[in-house]
A.B. asks: 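Sending over a structure as structure tokens; questions will come in a sec.
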Amino acid sequence: MQASQFVQVIEERQGQKIGCIEEVAYKMRYINKSQLNKLAELLLKNGYGKYLQQLL
């Protein structure tokens with residue numbers, strides 16, 4: 001439980017997700033904007049999908 005709270009605090013303070021595979025793939029140019037957008041659309045009902053769209 002402490003680890004979960006630690007991750008939550010870090011993510012909130014830094015405004016970044018820890019372990020976001022899609023973000024890494026996008027920044028390293030393994031996927032393009034269109035592909036990232038498709039992935040984000042699948043997850044729009046939660047904060048993770050919204051975070052991915054903010055990267056665009």
Side-chain angles (χ1 to χ4, degrees):
M1 187 167 147
Q2 288 177 337
S4 175
Q5 289 174 339
F6 175 76
V7 169
Q8 182 181 6
V9 168
I10 295 299
E11 286 182 346
E12 288 174 0
R13 286 185 185 172
Q14 295 183 357
Q16 296 180 322
K17 296 286 184 191
I18 294 176
C20 181
I21 298 168
E22 296 86 354
E23 179 178 10
V24 173
Y26 177 65
K27 289 187 176 182
M28 295 188 74
R29 299 182 184 192
Y30 294 131
I31 62 175
N32 60 32
K33 284 184 180 184
S34 173
Q35 293 168 316
L36 181 61
N37 190 42
K38 285 181 185 178
L39 293 169
E41 286 177 355
L42 296 173
L43 302 166
L44 274 181
K45 293 183 180 179
N46 61 44
Y48 193 74
K50 292 175 185 174
Y51 174 77
L52 292 177
Q53 279 201 321
Q54 289 176 355
L55 296 174
L56 299 171

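Reckoned from all heavy atoms, side chains included, excluding hydrogens, waters and symmetry mates.
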A.B. asks: Between the side chain of Asn37 and the main-chain N/O of Ala40, is any donor-acceptor distance below 3.5 Å?
C.D. replies: no
A.B. asks: Is the shortest side-chain heavy-atom distance between Tyr48 and Glu22 below 4.5 Å?
C.D. replies: yes
A.B. asks: If you round to the nearest 0.5 Å, how far is CD of Gln53 from CG of Leu36?
C.D. replies: 8.5 Å
A.B. asks: Hey, what do you get for CG (Leu52) to NZ (Lys50), rounding to the nearest 0.5 Å?
C.D. replies: 12.5 Å
A.B. asks: Quiz question: by atom type and distance under 3.5 Å, do the side chains of Gln35 and Tyr30 form a donor-acceptor pair?
C.D. replies: no
A.B. asks: Please list all pairs meeting side chain to side chain donor-acceptor pair (under 3.5 Å) that have one or both residues in residues 10-19, counting only residues at least two apart or in different chains.
C.D. replies: Gln8-Glu12
A.B. asks: Taking a hydrophobic cluster as the set of Ile, Leu, Val, Met, Phe, Trp and Tyr residues connected by side-chain heavy atoms closer than 4.5 Å, whether directly or through intermediates, do Leu39 and Leu56 fall within one such cluster?
C.D. replies: yes
A.B. asks: Are more than 12 heavy atoms from other residues, nucleotides or ligands located less than 6.0 Å from atom CD1 of Ile21?
C.D. replies: no
A.B. asks: Looking at every non-hydrogen atom in both residues, tell me the closest pair between Tyr51 and Gly15 and how far apart they are.
C.D. replies: CE1-O, 3.6 Å
